[in-house]
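Inspection log for the structure reproduced underneath, given as structure tokens.
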Amino acid sequence: MGPGLDFFSYLDYDMSAKIFTCLDDPCDIARVSCVSHSWRDFVIANGLAKHLCLRKFPLLSRVDHVVEPASMAKSLLAVGSSNIEWETLKKEHRAYAFLGRGFMSFPEEEKCISKAIIASSTDNFPQERIDNTLEKDDIVEGRPSYWSSKGYSNPAVPETLTYKLVADLCVVTEIRIKPFKAYFQWGFPIYSAKSVRFRMGHLKTYIDDLMDESCPNSVGNKFVWTYTSQEFPMAQEDCLQSFKLPEPVLCIGGILQIELQGRVQRQQMDGLFYICVAHVQVVGRPLSPAFGVEILEPSENFVLKAFSYTQPQPAPRETRQEAERLRRRLLSVQQLLNILRGNVVDLVEHEWEDEDGDEESDEELL
């Protein structure tokens, strides 16, 4: 075979397809598309980027169609009707190729929660509401910051905490939960749950309808859950406990629910069982602002919206370090003020990060 000849031209279609479908890295799909016009046309015509995304996240089979910005849509309308089908395939290739790269290369964030939606119960509202679980500090404005359930005599009564993520499309890898330690009660009890599991999905109705914690029982049928995790045991310890999912999960719709199962701590004052949480964090890769979704009811399929094909950049390391340094200094001042006021609380000993440490860089993409 002479130089410049395409060896794929000597293979039949099935053999070529079998070879290309062995690729399992989105970057490889991009590289293959750059080899020649014939290879690129083969990748586009057979939707290889789309099939790769479906293999990684089968939930993407619910994509009804792909939408690009208006400027790109105008260029599609400008072509002849005979080429619309091919232009649609090219549009899907662009979207799924960049989406696949986003699964692996978009910056990973430790704060993927945008806001709290609702808790299944709250003991003292608003002092012990779910919003407190998103606070950075254990003490806020001189008061301990935590969420508390209502008390029950039956320790088997579960509780749920529901949150909105920072993106409608988000690859979630880990959830962290810190049970609350009541330092103001005798024996410093820790109000953890026995176990925890997680659900992800989307809303059936607008989020504004869900913000009233006075009637939490009315919101249970307003979610569609597309993922439910296994049950993870929870330790009765005063620390941020990490629950790593067996495989990364694509959350479509940006809703996360934490189900806390089983109560282990009885309050001495009233003899009832409570669950209390100090902090909640979600680790993952938000796929916005590059992508968004629009849920189509009642089918519950969705439109994949490609807003941009620009790789998002992580926040500069110096900015994150400076923000953390300032936060810890403010916390130290707050603790000192509490001591001077006579409000003695558990002192936190800070561990300072090494400023010279290197951070792993993102994989370079084509």
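Below, each value reflects all heavy atoms present in this structure, side chains not excepted, and no hydrogens, waters or symmetry copies. Note that the numbering runs from 1 along the sequence shown for the chain. The shown structure was predicted, so the numbers you read here are calculated from the model rather than taken from an experiment.
Atoms NZ and OH, from Lys150 and Tyr274 in turn, are 9.0 Å apart once rounded to the nearest 0.5 Å. Atom CG of Leu89 and atom CG of Asn46 lie 9.5 Å apart (nearest 0.5 Å). Going from atom CG of Leu23 over to atom NE2 of His51 covers 13.0 Å, rounded to the nearest 0.5 Å. The distance from the CG atom of Leu60 to the CG atom of Leu250 is 5.5 Å, given to the nearest 0.5 Å. Note that CD1 of Ile84 and CD of Glu87 are 9.0 Å apart. Values are rounded to the nearest 0.5 Å. Atoms CZ and CD1, from Arg197 and Ile258 in turn, are 13.5 Å apart once rounded to the nearest 0.5 Å.
Side-chain atoms of Arg263 and Ser149 include a donor-acceptor pair closer than 3.5 Å. In summary, the side chains of Tyr163 and Thr133 do present a donor paired with an acceptor at a separation below 3.5 Å, with no hydrogens or angles considered. If you check the side chains of Glu259 and Thr160, you find no donor sitting under 3.5 Å from an acceptor. Ser195 and Gln261 are linked by a side-chain donor-acceptor pair at a separation below 3.5 angstrom, with hydrogens and angles left out of the test. Judged by distance alone, the side chains of Glu135 and Ser145 never bring a donor and an acceptor atom under 3.5 Å apart. For the residue pair Glu159 / Ser120, a side-chain donor-acceptor distance below 3.5 Å is found, with atom types taken as modelled. Looking at Glu128 and Tyr146, their side chains do bring a donor and an acceptor atom within 3.5 Å of each other. Using modelled atom types and a 3.5 Å distance limit, the side chains of Gln267 and Gln185 yield a donor-acceptor pair.
Within the 3.5 Å criterion, the main-chain N or O of Glu294 finds no donor-acceptor partner in the side chain of Asp168. Checking side-chain atoms of Gln241 against main-chain N and O of Ala235 turns up a donor-acceptor pair under 3.5 Å. For Arg176 (side chain) and Ser242 (main-chain N/O), no donor-acceptor pair under 3.5 Å exists by modelled atom type. Judged by distance alone, with hydrogens and angles left aside, the side-chain atoms of Lys91 form a donor-acceptor pair with the main-chain N or O of Val66 at under 3.5 Å. Using a distance-only test at 3.5 Å, with no hydrogens or angles considered, a donor-acceptor pair links the side chain of Thr226 to the main chain of Met200.
For the pair Val264/Met234, no side-chain contact is recorded, criterion being any heavy-atom separation below 4.5 Å from C-beta on. Side-chain contact between Asp28 and Arg31 is present, with heavy atoms from C-beta onward closer than 4.5 Å. Side-chain atoms of Val224 and Ile295, non-hydrogen and from C-beta on, never get closer than 4.5 Å to each other. Looking only at side-chain heavy atoms (C-beta outward), Phe307 and Pro289 stay at 4.5 Å or farther from each other. Using a 4.5 Å cut-off on side-chain heavy atoms (C-beta onward), Thr21 and Leu48 make contact. Side-chain contact between Ile113 and Gln281: absent, with no pair of heavy atoms (C-beta onward) separated by less than 4.5 Å. Taking 4.5 Å as the limit, some side-chain heavy atom of Tyr309 sits within range of a side-chain heavy atom of Glu68. The closest side-chain heavy-atom distance from Ile255 to Lys164 is below 4.5 Å.
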**OP:** Check step by step if side-chain contact (heavy atoms from CB on, under 4.5 Å) holds for Trp86 and Lys90.
**Re:** CA-CA 6 Å; Trp86 177 245; Lys90 287 168 63 176; 3.3 Å; yes

Subject >> Chi angles and distances behind the side-chain contact (heavy atoms from CB on, under 4.5 Å) call for Ser153, Leu272 >> reply: CA-CA 5 Å; Ser153 58; Leu272 300 179; 4.2 Å; yes

**OP:** Evaluate the criterion side-chain contact (heavy atoms from CB on, under 4.5 Å) for residue pair Leu245 and Phe198; output intermediate values, then yes/no.
**Re:** CA-CA 9 Å; Leu245 302 177; Phe198 311 104; 4.2 Å; yes

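The two residues Phe180 and Ala182 have their closest heavy-atom pair at CE2-CA, 3.7 Å. The shortest heavy-atom contact between Ala49 and His93 is CB-ND1, 4.0 Å. For the pair Ser33 and Val43, the tightest heavy-atom approach, listed with the atom from each and the gap, is OG-CG1, 3.7 Å. The shortest non-hydrogen separation linking Arg129 to Thr122 is CA-CG2, 3.9 Å. For Pro286 against Phe106, the heavy-atom pair with the smallest separation is O-CD2, 3.6 Å. In terms of heavy atoms, Gly253 sits closest to Val293 at N-CG2, 4.3 Å.
You'll find the ring centres of Phe103 and Phe57 inside the 6.0 Å limit.
When the side chains of ILVMFWY residues are joined at heavy-atom separations under 4.5 Å, either directly or via intervening members, Leu134 and Ile130 end up in a single hydrophobic cluster. Using a 4.5 Å cut-off between side-chain heavy atoms of Ile, Leu, Val, Met, Phe, Trp and Tyr, with links allowed through other members, Trp147 and Phe273 fall into different hydrophobic clusters. Criterion: ILVMFWY side-chain heavy atoms under 4.5 Å apart, direct or through other members. Under it, Val283 and Val249 are not part of a common hydrophobic cluster. In this structure, Ile190 is not a member of the same hydrophobic cluster as Leu161, with clusters built from ILVMFWY side-chain heavy atoms closer than 4.5 Å. Hydrophobic clustering places Leu54 together with Leu169 (ILVMFWY residues linked when any side-chain heavy atoms are closer than 4.5 Å, directly or through intermediates).
Other residues, nucleotides and ligands contribute more than 12 heavy atoms inside 6.0 Å of the CZ atom of Arg62. Other residues, nucleotides and ligands contribute more than 12 heavy atoms inside 6.0 Å of the CD atom of Gln230.
In this structure, Asp138 pairs ionically with Lys178, as a charged nitrogen and a carboxylate oxygen lie closer than 4.0 Å.
Ring geometry for Phe223 versus Trp225: interplanar angle under 30°, hence parallel rather than tilted (30 to 60°).
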